[in-house]
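Excluded from the calculations below are hydrogen atoms, water molecules and symmetry mates; all remaining heavy atoms, backbone and side chain alike, are included.
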Amino acid sequence: MTTPLALPPAPPAPRPSRMSWAAFITPIVMAGALWLMTRSPYSLAFAALGPIGAVMSLIEGRRGGGRDRRAAQAERAAELERLRERVAASHETLRRGLLRRAPGAAVAIDGLDGSGLWKGDETVVSLGRGAVDSGLVLGGDARTTDELELQRAAARLDDAPVLAMPEDGIAVCGPGLLARAYLRGLLVQLYAALPPGRLAPPELVDAAGCARGEWDWLERLPHGVGSASGVVPRFGVFEEARLVPPGFRAVVSLVSPVAATVEVFPGAPATGIAAEHAPVEASVVPELVAYAEVERFVAVLSSRAAALGLGAATRALPAEVAFGDLPAAGGPRLGASIGRTLHGIAELDLVADGPHAVVAGVTGSGKSELLVTWVAGMVSGRSSDEVVVLLVDFKGGTAFRPLAALPHVVGVVTDLQHGEAARALSSLSAELRRREAELARLGARDVVEARGALPRLVIVVDEFAAMIDQFPDFGPLFADIAARGRALGIHLILATQRPAGVMRDALVANCPLRLSLRVQSDADSRWVVGTDAASRLSAATPGRCIVSIDGAATEVQIARTTSADLAALVEAAPAAPPPKRPWLDPLPAVLTRAQLPERATAQVVGVADLPEEQRRAMLEFQPQQAPLVVLGAGRSGKSSLLRLLAEASGLEPVVVGSDREQAWDAVEAAAERCEDPDASSAPALLLAIDDADAVCARLGDEYAAVWCERLARVLRDGPAAGVYAVVAAQRQTGPLRGALGLARETVLLRQPSKQEHVLAGAPAELWDDAVPAGGGVWRGRRVQFLAPPHLETSAVLRDEAPGEPPARVPLVPPRGGATIVVSRAPARAVSRARAAGLPAEAVVDLTQPPVPGTPTPESLLEDGRLPTGVLVIGDPDAWMGRWSLFATLKARHPVVFSGCDQADVRALTRSRVLPPPLAPGSGAGWLVFADGRMRRCVLAA
């Protein structure tokens, strides 16, 4: 079609400038009239204005004409430039149109896996690139050289396909090897453009080539099966153009592999060349196709035809294929030979066909075998610098066990280790960020431009549905990988029994490569590969698979990979450094200070696991973080952690174990310090209490309530008074729960059950019943604290802080002194005193009736002549009967309660204060002072 274009009209010639005689004469006449009226010689000066004005007007007119002429020329030049741009745009449109009609052999071969196969609607081929008639007519009168050149350029279309109609006959002349390679290119164009049924077998004149089997591949094309209806293309191969017989309208003479000439013979009604774009020069640039390329071309076309039911072949797939019989795919991408089709080797390329794939198949259909074979095919002939594989098996971990020995495999993640599976999968986010940062550092847009700096990472997931059931938060992560993986060099192979309803649309949209082994229903088959074929596969042939690439389905028998095949791959793998794992190694079961970085300070107590950032962070303990609670089951490392924190704090440590006397005294002293207004000026200390729940159990309900109340005061007010508390317990029970709720932070070591782990506030995915001692959760992170061997160098913290020692009260008081005793067994105490040398007259036993004539207790206490002091003793009832005496003596002397309970003390002292608890079997009692203070004591004989 001719596009109307025209040269811009020439600008009109400017009118010549002329002198105005009226303007010249008028001032002279006016000057003469003024002189006649005024007789003034000055009036004659006006006469000069006329000539001067006329000359100036003439000069200005000529200058203005020059400006107009230059402006017109500039406007015309701009119009010509715009016209050149329109011509160039029209040429590009025409060139694209010709390329759509006949894109050439290279485009046809490169587009075999695309959607353009068999989409042509006319029988036309490109003889090569050259100059053809554009059909553009540039109207107008060309006067300049530029305009003439523009008209000639508009009529000529350079670097455009020279089109020819094969049914009119095309002869190829030149050396046999060169001519047949060129003719293969013409045939590839033709059979890639038109589907079977549109073309009949070609008429080919090449006796020598047919004798050697050069054209046997044409018989394997699906176009040659069935009826002979359709267009019959005619081609011939000749040594020289003079040998071409009549009947060939276009003759192509090959001068060299990169140059050829085209000669057209007249014919009607059609010509050998598309008439509307006939060549304006004889020379063209030919396209040559090797025999190996047409072999692949035939295999792809046959597979596509078989999937569409066109030109059906009579051959059958083998029931079993050995991996060792398949050739290595090789190449710079991720090609892999996985089995056989009706027409040859089945190859998959995650880069070209992907970047991601979905695999479906019921149990027993051969899904795991397919994945093993695919991985083996991808790594065959490639080093770990080119490709690495992460295997995720949520079927128990047995499917991928044979692949673990491959140097390309960076890890096998299974559902048997829940915590490690969560770590590995969450690390993939960090791997995305790392690859993005590396590409940014290299200034590359994708992994291809990185030129081997990043190996491609293939993530293979068996039972994707089971993984999402356990880790539903990973659904968006895999959708993100699917969206960004192509540029970053990350590819997904996701296998499951029923993908429908499990995989999100955003994920599936980025998985154009689909494979389905036998599935249960037609709907499942259509969801995966777009046809019902997968649901009709026989259970008797495991490994039979339907492969769909961009909607084109092919039936494949997957190869079986043996342990010997994998051992051969391991032995043949190119030498390369161990690949970087896409996630951190798990935290060590035992962490020593030698494993910490050199920059670690004394305040570092462990490390935190940051798998989503692919790093570990050192944990420091500062006293300001207290009060801190440590919860953990037995043998989880609580005691060691308390001592570790006490050492790291740098403060004076007070470490208390489960002894109830020690725990009571330490908390009571800390509570008293919290009430001291001057306590902040004293040196700060760290109070570490171990087994707080065991302390509560040993104290009993009444003591436990008071102790927890004092502990709550320490946790709440201690930091202001310089007391920083760290409390360890197995559980938060009873009154202890309210006190520990005042802590700022909680460290969770191993818990007895997942329920208690979650109730304590830790993430469920971090639960691990096999976590080693010293391992736990802190601030929502999996952590590992330093091991106890590190603490053996600390002599200060090796033993628990002792409680206050009991006071020693003599049963035989010094002369002038008195020992006042309340005892449940006064007779025993009196016997001990008599045995220790206390005279009978110095003993007042209130449980015995008074003897007439003997001195009273009051008189004895006032009598200083005795060689010893006086022992006044009685049981609680006797003292209650002598209340006035007890009150008098208590005001003067400390009172010893021996073998009594706290109820006796409260009843006699009339105080609500609990005395300090006593260890069972210690023989200790209480010493009550006149001011109400109480402490433990023992009666020393």
Side-chain angles (χ1 to χ4, degrees), residues 113 303 320-331 333-341 345-361 365-382 384 386-393 395 398-412 455-464 485 489-497 499 511-518 528-529 534 542-549 553-563 565-566 568-570 573:
D113 301 329
S303 299
E320 190 166 323
V321 178
F323 178 81
D325 295 336
L326 301 179
R333 297 181 176 178
L334 284 180
S337 299
I338 65 167
R340 289 189 176 274
T341 68
I345 304 300
E347 291 186 4
L348 297 180
D349 191 333
L350 266 179
V351 176
D353 304 329
H356 313 295
V358 172
V359 178
S365 62
K367 190 164 67 277
S368 298
E369 184 66 36
L370 185 155
L371 298 177
V372 170
T373 297
W374 197 348
V375 171
M378 278 189 292
V379 304
S380 177
R382 297 184 175 92
S384 57
E386 299 175 79
V387 57
V388 292
V389 184
L390 170 62
L391 304 173
V392 183
D393 184 3
K395 284 198 311 185
T398 59
F400 292 142
R401 188 176 300 163
L403 295 171
L406 291 173
H408 312 75
V409 175
V410 293
V412 180
R456 294 188 179 273
L457 170 61
V458 182
I459 303 171
V460 185
V461 182
D462 197 2
E463 292 305 333
F464 181 78
I490 301 179
H491 306 272
L492 299 175
I493 301 177
L494 308 177
T496 186
Q497 293 190 33
C511 300
L513 181 55
R514 312 284 186 86
L515 294 85
S516 180
L517 295 111
R518 182 173 55 86
V528 181
V529 294
R544 189 62 55 88
C545 176
I546 304 298
V547 178
S548 174
I549 304 175
T554 305
E555 188 172 356
V556 177
Q557 179 63 40
I558 302 299
R560 181 176 296 276
T561 304
T562 65
S563 56
D565 296 327
L566 296 176
L569 289 178
V570 172

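Residues Ile345 and Arg340 meet the side-chain proximity criterion, which asks for heavy atoms closer than 4.5 Å. In this structure, Arg544 and Arg518 have side chains that are not in contact, with every pair of non-hydrogen atoms separated by 4.5 Å or more. Taking the side chain as every heavy atom from C-beta outward, Val359 and Leu517 approach each other to under 4.5 Å. Side-chain contact between Thr561 and Leu566 is present, with heavy atoms from C-beta onward closer than 4.5 Å. Looking at heavy atoms from C-beta onward, Glu347 lies in side-chain contact with Ser337 at the 4.5 angstrom threshold. Side-chain contact between Ile549 and Val547 is present, with heavy atoms from C-beta onward closer than 4.5 Å. The side-chain heavy atoms of Trp374 and Leu350, taken from C-beta on, include a pair separated by under 4.5 Å. The side-chain heavy atoms of Leu403 and Val460, taken from C-beta on, include no pair separated by under 4.5 Å.
In this structure, the separation between OG on Ser365 and CG on Leu370 is 8.5 Å, given to the nearest 0.5 Å. The OG1 atom of Thr373 sits 8.5 Å away from the CD1 atom of Ile338 when rounded to the nearest 0.5 Å. Here the CZ-CG distance, from Arg382 to Leu334, works out to 5.5 Å after rounding to the nearest 0.5 Å. Distance check, rounded to the nearest 0.5 Å: CG of Leu494 to CD1 of Ile459 gives 9.0 Å.
Considering only residues two or more places apart in sequence or on other chains, Pro512 meets the side chain to side chain contact (heavy atoms under 4.5 Å, CB included) condition with Pro355, Asp550. Considering only residues two or more places apart in sequence or on other chains, Arg514 meets the salt bridge (Lys or Arg N to Asp or Glu O under 4.0 Å) condition with none of them. When the ring-ring contact (aromatic ring centres under 6.0 Å, His included) test is applied to Phe464, the partners found at least two apart in sequence or on another chain are Phe478.
Across all their heavy atoms, Ala495 and Leu371 have their closest contact at CB-CD1, 3.8 Å. The shortest non-hydrogen separation linking Pro407 to Ser384 is O-CB, 3.9 Å. The two residues Val379 and Leu406 have their closest heavy-atom pair at CG2-CD1, 4.1 Å. Taking both residues in full, the closest heavy atoms of Ala360 and Gln497 are given as CB-O, 4.4 Å, listed atom of the first, atom of the second, then distance. Heavy-atom minimum distance, Met378 versus Ile493: CE-CD1, 3.9 Å. Minimum interatomic distance between Ala346 and Val556 (heavy atoms only, all atoms of both residues): CB-CG1, 3.6 Å.
Side-chain atoms of His356 do not come within 3.5 Å of backbone N or O of Cys511 as any donor-acceptor pair. Judged by distance alone, with hydrogens and angles left aside, the side-chain atoms of His408 form no donor-acceptor pair with the main-chain N or O of Ala573 at under 3.5 Å. Remark: the backbone N or O of Pro542 is paired with a side-chain donor or acceptor of Gln557 at under 3.5 angstrom. Judged purely by atom type and a 3.5 angstrom limit, Ser380 has no side-chain atom pairing as donor or acceptor with the backbone of Ala376.
Side chains of His491 and Arg456: a donor on one and an acceptor on the other come within 3.5 Å.
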* Apply the test side chain to side chain contact (heavy atoms under 4.5 Å, CB included) to residues Val389 and Phe400: give CA-CA distance (whole Å), side-chain angles for both, the deciding distance (0.1 Å), then the verdict. => CA-CA 11 Å; Val389 184; Phe400 292 142; over 6 Å; no

* To do: Give the intermediate values and the outcome of side chain to side chain contact (heavy atoms under 4.5 Å, CB included) for residues Val458 and Val375.
  => CA-CA 9 Å; Val458 182; Val375 171; 6.0 Å; no

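Partner of Ser548 under the side chain to side chain contact (heavy atoms under 4.5 Å, CB included) criterion, out of Val528, Thr554, Val358, Val529: Val529 alone.
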